[in-house]
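None of the values given here were measured: they were computed from a predicted structure. Throughout, residue positions are numbered sequentially from 1 according to the sequence presented.
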Amino acid sequence: MAGFLRFILGLFGGALITYIVGTTVNSQFVMNAHGVPVTWGDRLNMTLFDISNMLLYFVIIALSFLIAFAIAALLKRLLPNLANIAYPIAGAAAIGAALGLMYMMFQTVPISGARSTLGFLSQMAAGGLGGWIFGRFLVANQTHSSGASA
């Protein structure tokens, strides 16, 4: 039961970090796209507004991570050398796939800051960070479980 709770917390924590970083980066790309000066106060205001209003993106991230991390867990068993980087790669791939699927569905990327190559890669980097966070939660679970059985 503790392992399942750690999994859920890791999934939520990784998705939340990805959401906050990805949304923050998205806001900055959108503001920079227009080539007009924007004050730090306006940047903060828009970033906080986006974080509080793009919650569907959080749901998409969490669902994408659920699928990607399940696949990564299977691949880790087949390819043990991949173990340390499986979840960051899965997190980045999950965001890339989600953005790609959004483009296929809508003929545009609804996360407007991800429409440029650098914006797209920055969203994937946020996904990689979320995958790393998820992996840390699982490692903490294994360390805690190993210590309890010794």
Practice task
Show your reasoning for whether side-chain contact (heavy atoms from CB on, under 4.5 Å) applies to V25 and F29.
Solution key: CA-CA 6 Å; V25 169; F29 270 90; 3.4 Å; yes
Problem - Verdict with reasoning, L78 to L74, per side-chain contact (heavy atoms from CB on, under 4.5 Å) - result: CA-CA 7 Å; L78 298 173; L74 292 173; 5.7 Å; no
Exercise for the section: Starting from the C-alpha separation in whole Å, work towards a yes-or-no answer on side-chain contact (heavy atoms from CB on, under 4.5 Å) for L48 and S52. Expected result: CA-CA 6 Å; L48 293 174; S52 67; over 6 Å; no
Handout entry: Steps toward side-chain contact (heavy atoms from CB on, under 4.5 Å) verdict (I95, F120)
Key = CA-CA 9 Å; I95 298 303; F120 186 86; over 6 Å; no
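Note that the CG atom of D50 and the OG atom of S112 stand 8.0 Å from one another [nearest 0.5 Å]. A distance of 13.0 Å separates CG of L9 from CD1 of I133, quoted to the nearest 0.5 Å. One finds the CG atom of L99 at 5.0 Å from the OH atom of Y57 (value rounded to the nearest 0.5 Å). The line from CZ of R77 to CG of L82 is 13.5 Å long, rounded to the nearest 0.5 Å.
A single hydrophobic cluster is not seen to contain both M46 and M54; linkage of ILVMFWY side chains at heavy-atom distances under 4.5 Å, directly or through other members, places them apart.
More than 12 heavy atoms of other residues, nucleotides or ligands lie within 6.0 Å of CG in D42, so this atom counts as buried by the packing criterion. More than 12 heavy atoms of other residues, nucleotides or ligands lie within 6.0 Å of CZ in F58, so this atom counts as buried by the packing criterion.
Looking at R115, its side chain does come within 3.5 Å of a backbone N or O of V109 through a donor-acceptor pair. Proximity of a side-chain donor or acceptor of Y87 to a complementary backbone N or O of G130 within less than 3.5 Å is not detected. In this structure a side-chain-to-backbone donor-acceptor pair under 3.5 Å is missing from T23 to I20.
Under the 30°/60° scheme for interplanar angles, the aromatic rings of F134 and F69 are found to lie parallel.
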